[in-house]
Amino acid sequence: MKRHPARTAAPTLLFALATVLAVLLPGAPAAYADSIRDQQWPLQILDARQVWQITRGQGVTVAVLDTGVDGSHPDLTGQVLPGTDLIGFGAKPGDGDWARHGTAMAGIIAGHGHGPDGSEGVMGIAPEARILPVRVILEDTDPQRQRARDSRGGALAQGIRWAADHGANVINLSLGDDSKSAHPDADEDNAIQYALAKGVVVVASAGNSGQQGDPASYPAAYPGVIAVAAVDRYGRRAAFSTSRWYAAVGAPGVDVVIVDPDRQYYEGWGTSAAAAYVSGTVALIRSAYPRLAPAQVKQVLERTATDSPPGGRNDDVGSGMIDPVAALQAAAKLMPQPEVPVPASYTQQYFGSGSQAAHAQESPGIGISIGIGTGAWIGPGCAIAGAVLILIAAVVRLRLRRTGGP
């Protein structure tokens, strides 16, 4: 399909980092994918080659709750399991508004490259993990997103439960609501606690509102979730990354090379990408030590983080940049413990005793984290929530070398 030389970014949805263009570069020379691999700086920072000597994520299923995943992409073939679509309308495979963000996240988690020995294309941090796609939001460019907003308010909570019941070991939530009106939702919290109680690790983006007052983001702020801030290649918090008490760790989220259903490679940034790198790292830990409880996995990531701030943590980057090798080494020393769900009364501890906390305890629950609920609290600026937290800045001057595929 011919692409326009300029188009809007993959969905920013609620986090609305607004209209950043993904500029195609007409005439850009095709490049061998090792050039793409060379630009995957997170693999170097996270010592991927060393960690792959221990595990590559085999036997672990990561549910990607997002806009869908293109399992036919050459860098993902054979990794994507049959999933579910909890929206049920909107763009379809082959449309320009379908599965861009979800495919990007899946590539960060479990891309295996393509070509001879997988030497070309994007490699994920856990290249042998499986992806379970659960469609709970639409791309912000999808003409049907308003309809989704009006009629699919419970999709996120439903999707979390569905993933937990269909073999997920890890749930990746590269989405959220960090509008000023956002607050906890009972259905979503209950769904997360349900997943945790089943031993499923839940990872979410911290939010992309670091330059808009740092409002709290959900589902990142729910107890038990591993909330991930975005850092650059030097371990510094990205300016856009939300700074809040719930930050657990930081992970690469700046100038990240991502895959796209259009078979181009893009550079993007956001806490979406950071969350995906943590989900992939969790897959590595779960592959080697499958009996560890979600709380233990979170603790081992925090305790082994590098570039830790003074005092051991701060709201900017949590405990610091994840270190997969150190986390695996520390996990080997742990005795598995059963997960103990956080009681529902957590709301006052985390959100005070004001009207928002009271609403969170009394609300029957509308899926507010994906911002397509109809509750009266939703502000006019919410657009469509579940903001997929990545900006596609510009097309990388690299193209997939054709190998006979479309």
Side-chain angles (χ1 to χ4, degrees), residues 9 12 15-18 20 37-51 104-105 108-109 122 124-125 172 174 176 178 203-217 220-221 225-258 266-282 298-327 387-394 396:
T12 54
F15 282 135
L17 290 178
V20 176
R37 195 68 54 78
D38 288 344
Q39 293 194 41
Q40 285 195 266
W41 66 267
L43 297 182
Q44 301 172 23
I45 296 297
L46 301 177
D47 291 327
R49 293 191 181 279
Q50 183 175 349
V51 81
M105 298 305 101
I108 290 171
I109 296 167
V122 162
I125 190 64
N172 182 75
S174 288
D178 64 355
V203 180
S205 308
N208 284 356
S209 291
Q211 294 168 308
Q212 288 83 42
D214 292 309
S217 176
V225 172
I226 301 175
V228 187
V231 301
D232 63 18
R233 68 185 66 213
Y234 305 107
R236 301 173 302 199
R237 167 185 168 253
F240 59 78
S241 184
T242 297
S243 177
R244 275 279 171 166
W245 74 88
Y246 51 70
V249 289
V254 179
D255 298 335
V256 174
V257 180
I258 55 177
Y266 293 82
E267 235 176 27
W269 59 82
T271 55
S272 266
Y277 273 113
V278 171
S279 288
T281 299
V282 172
K298 182 178 182 181
Q299 290 167 3
V300 81
L301 288 173
E302 293 172 333
R303 292 172 181 173
T304 59
T306 62
D307 299 319
S308 296
R313 77 161 307 280
N314 62 24
D315 292 348
D316 287 351
V317 295
S319 297
M321 170 89 85
I322 56 169
D323 185 336
V325 174
V388 290
L389 304 180
I390 193 168
L391 271 178
I392 292 186
V396 181

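Computed from heavy atoms alone, side chains included, the values below leave out hydrogens, waters and symmetry copies. Numbers here simply count residues along the sequence, with the first being 1.
For S217 (side chain) and G207 (main-chain N/O), no donor-acceptor pair under 3.5 Å exists by modelled atom type. The backbone N or O of S319 lies less than 3.5 Å from a partner atom in the side chain of S308, making a donor-acceptor pair. Remark: the backbone N or O of S272 is paired with a side-chain donor or acceptor of S174 at under 3.5 angstrom. Of the possible polar contacts, one joining the T242 side chain to the S209 backbone as a donor-acceptor pair under 3.5 Å is found.
Residues meeting the side-chain hydrogen bond (donor to acceptor under 3.5 Å, both in side chains) test with R236, sequence neighbours left out: D232. By the salt bridge (Lys or Arg N to Asp or Glu O under 4.0 Å) test, D323 is found to be paired with no residue, residues two or more places apart in sequence or in another chain being considered. S243 meets the side-chain hydrogen bond (donor to acceptor under 3.5 Å, both in side chains) test with D316; sequence neighbours excluded. In this structure D315 satisfies the salt bridge (Lys or Arg N to Asp or Glu O under 4.0 Å) test together with R313, sequence neighbours excluded. For R244, the salt bridge (Lys or Arg N to Asp or Glu O under 4.0 Å) criterion is met by no residue, not counting sequence neighbours.
In plain terms, the two heavy atoms of V228 and G250 that are nearest each other are CG1-C, 4.3 Å. Nearest approach of K298 to A248, heavy atoms of both residues: CE-CB, 4.0 Å. The two residues F240 and G253 come nearest to each other via the heavy atoms CZ-O, 3.5 Å. Looking at every heavy atom in both residues, Y246 comes nearest to A206 through OH-O, 2.7 Å. Closest heavy-atom contact between S279 and V203: OG-CB, 3.3 Å.
The distance from the CG atom of D38 to the CD atom of Q44 is 7.5 Å, given to the nearest 0.5 Å.
For residues 206-215, every residue pair satisfying the salt bridge (charged side-chain N to carboxylate O under 4.0 Å, His left out) rule, not counting sequence neighbours, is listed here: D214-R237.
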